[in-house]
Amino acid sequence: MPPLMDRFGREHDYLRISVTDRCNLRCLYCMPEEGMEFEDASNLLSYDHIVEVVQTAAELGISKLRITGGEPLVRPGLDGLIRRLKAIPGIDDIALTTNGMLLGKYAEALKDAGLNRVNISLDTLDPTRFKFIARRGDLKRVIEGIEAAGKAGLAPIKLNCVLLKGINEDEIAAFLKLAYEQPMHVRFIEYMPIGHADDNWRNHYLPLSHVLETAEREGYTITRLLNIKGNGPSDDWHMEGGRGSFGLIHPVSDHFCKSCNRLRLTADGSMKPCLYWVDELNVKDALGDPEAMRNIFYRAMDLKPENHEMAAKLADEALTHTPTDRRMSQIGG
């Protein structure tokens with residue numbers, strides 16, 4: 001069958017799968033502290049349905065999966081889903097993005113089921129600030145989750161730190177020190193205007209040039225890295241003499257769209273060609289019909305934009321695209 005190639009020559013081999021819109025935290029850059037309305041469980045794709053979608057995806061050349069949420073570990077039986085997905089011919093890499101709160105409990109079972117790697121969201125190393133950013137939860141449990149992931153052999157461990165001006169930019173040096181002393185990869189991520197394209201977002205937006213400036217000021221000798229295992233768009237760096245590394249993800253200031261190789265499946269069954277684009281396709285309409293499911297993937301290739309235009313939001317410019325479908329799912333991670 002023809003490969004999943006979009007109009008701009010980008011071949012796709014990576015599918016991000018949200019298994020739930022629910023989360024046990026309420027991070028200030030992600031969702032409101034109170035009043036969230038989540039999807040009824042009956043509206044979510046069942047694990048059987050997710051397996052069916054991935055079977056078709058694998059036939060079309062998808063070989064890498066990332067399980068996301070919300071917080072994916074709040075959905076029961078996730079290790080069973082991962083075991084089934086790993087058994088699908090053609091699927092050779094499965095990663096998980098988590099806030100780490102439940103990882104200490106499930107890390108070993110996830111590894112046994114076939115999970116290869118884990119990305120853990122961690123925006124601060126200060127317990128008090130953690131409470132402010134996450135609005136609930138406990139930093140100690142996240143640290144325990146990181147340790148459990150390392151003990152289980154989930155490698156490399158990546159820590160995702162969203163930089164927020166006026167909130168956590170003073171911890172850049174501490175995160176660099178962590179990456180220097182420990183065998184893990186710290187990724188600094190620009191604050192994206194997903195649902196926050198307003199003055200509050202602009203006030204907290206911080207270009208990642210601050211990370212390189214901090215590394216220089218702290219006296220690290222850094223060199224570019226090209227071999228961090230994974231499928232992400234990180235601009236990676238090694239610190240001479242260090243055990244780990246750090247990366248920069250610039251979705252706004254230096255978007256990585258030209259090399260995008262991914263599609264996104266939301267928890268309620270929408271295929272999104274682009275996280276920041278409103279076009280989406282409902283896979284539920286194609287369940288039980290392999291040909292119709294293949295067509296969903298090919299249509300997603302036709303709809304995929306050349307870039308997401310987040311930088312236009314930063315400059316307060318009008319977006320130029322004219323989407324064919326105005327529905328915007330709140331599910332997807």
Gap separating the [atom1] atom of [X] from the [atom2] atom of [Y], nearest 0.5 angstrom:
{"X": "Asn99", "Y": "Arg141", "atom1": "CG", "atom2": "CZ", "value": "9.0 Å"}
{"X": "Ile17", "Y": "Thr68", "atom1": "CD1", "atom2": "OG1", "value": "8.5 Å"}
{"X": "Arg135", "Y": "Leu28", "atom1": "CZ", "atom2": "CG", "value": "5.0 Å"}

Among residues two or more places apart or on two chains, list those pairs meeting side-chain hydrogen bond (donor to acceptor under 3.5 Å, both in side chains) that have a residue in residues 288-299.
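Qualifying pairs: none.
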
Side-chain heavy-atom pair [X], [Y] within 4.5 angstrom cut-off:
{"X": "Thr266", "Y": "Met271", "answer": "no"}
{"X": "Leu73", "Y": "Leu110", "answer": "yes"}
{"X": "Asn160", "Y": "Leu122", "answer": "no"}
{"X": "Met184", "Y": "Leu159", "answer": "yes"}

For Leu85 and Ile67, run side-chain contact (heavy atoms from CB on, under 4.5 Å): C-alpha distance rounded to whole Å, both residues' side-chain angles, the deciding distance at 0.1 Å, then the answer.
CA-CA 11 Å; Leu85 295 177; Ile67 308 301; 4.0 Å; yes

Residue pair [X] / [Y]: nearest heavy atoms and the distance that separates them:
{"X": "Leu139", "Y": "Pro127", "result": "CD2-N, 3.6 Å"}
{"X": "Glu39", "Y": "Asp268", "result": "OE2-OD2, 4.3 Å"}
{"X": "Ser245", "Y": "Leu225", "result": "CB-CD1, 3.6 Å"}

Picking from Asn116, Asp92, Asp93, what satisfies side chain to side chain donor-acceptor pair (under 3.5 Å) with Lys86?
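Considering Asn116, Asp92, Asp93, a side chain to side chain donor-acceptor pair (under 3.5 Å) with Lys86 is found only for Asn116.
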
Can you name the one residue among His185, Arg187, Arg224 that meets side chain to side chain donor-acceptor pair (under 3.5 Å) with Asp236?
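For Asp236, the side chain to side chain donor-acceptor pair (under 3.5 Å) test succeeds with only one of His185, Arg187, Arg224, which is His185.
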
Under 3.5 Å, is there a donor-acceptor pair between the side chain of [X] and the main chain of [Y]?
{"X": "Arg75", "Y": "Arg22", "result": "no"}
{"X": "Glu11", "Y": "Asn261", "result": "no"}
{"X": "Arg10", "Y": "Arg7", "result": "no"}

Going by the rule side chain to side chain donor-acceptor pair (under 3.5 Å), which residues pair with Glu181 if we only count those two or more places apart in sequence or in a different chain?
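Listed in chain order: Lys177.
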
Option among Val162, Leu206, Leu176, Ile249 that satisfies the side chain to side chain contact (heavy atoms under 4.5 Å, CB included) test with Phe188
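The option that passes is Leu176.
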
Below 30° counts as parallel, above 60° as perpendicular, anything between as tilted: where do the rings of Phe246 and Trp237 land?
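If you compare the ring of Phe246 with that of Trp237, the planes turn out parallel.
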
Can you list the residues that meet the side-chain contact (heavy atoms from CB on, under 4.5 Å) rule with Thr221, with sequence neighbours excluded?
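Applying side-chain contact (heavy atoms from CB on, under 4.5 Å) to Thr221 gives Glu240.
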
More than 12 heavy atoms of other groups within 6.0 Å of Glu108 CD
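Result for CD/Glu108: open.
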
Please check if atom NZ in Lys140 has more than 12 non-hydrogen atoms from other residues, nucleotides or ligands closer than 6.0 Å.
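Check fails, neighbour count at 12 or below.
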
Step by step, would you call Ile146 with Leu103 a side-chain contact (heavy atoms from CB on, under 4.5 Å)?
CA-CA 7 Å; Ile146 294 170; Leu103 190 57; 5.9 Å; no

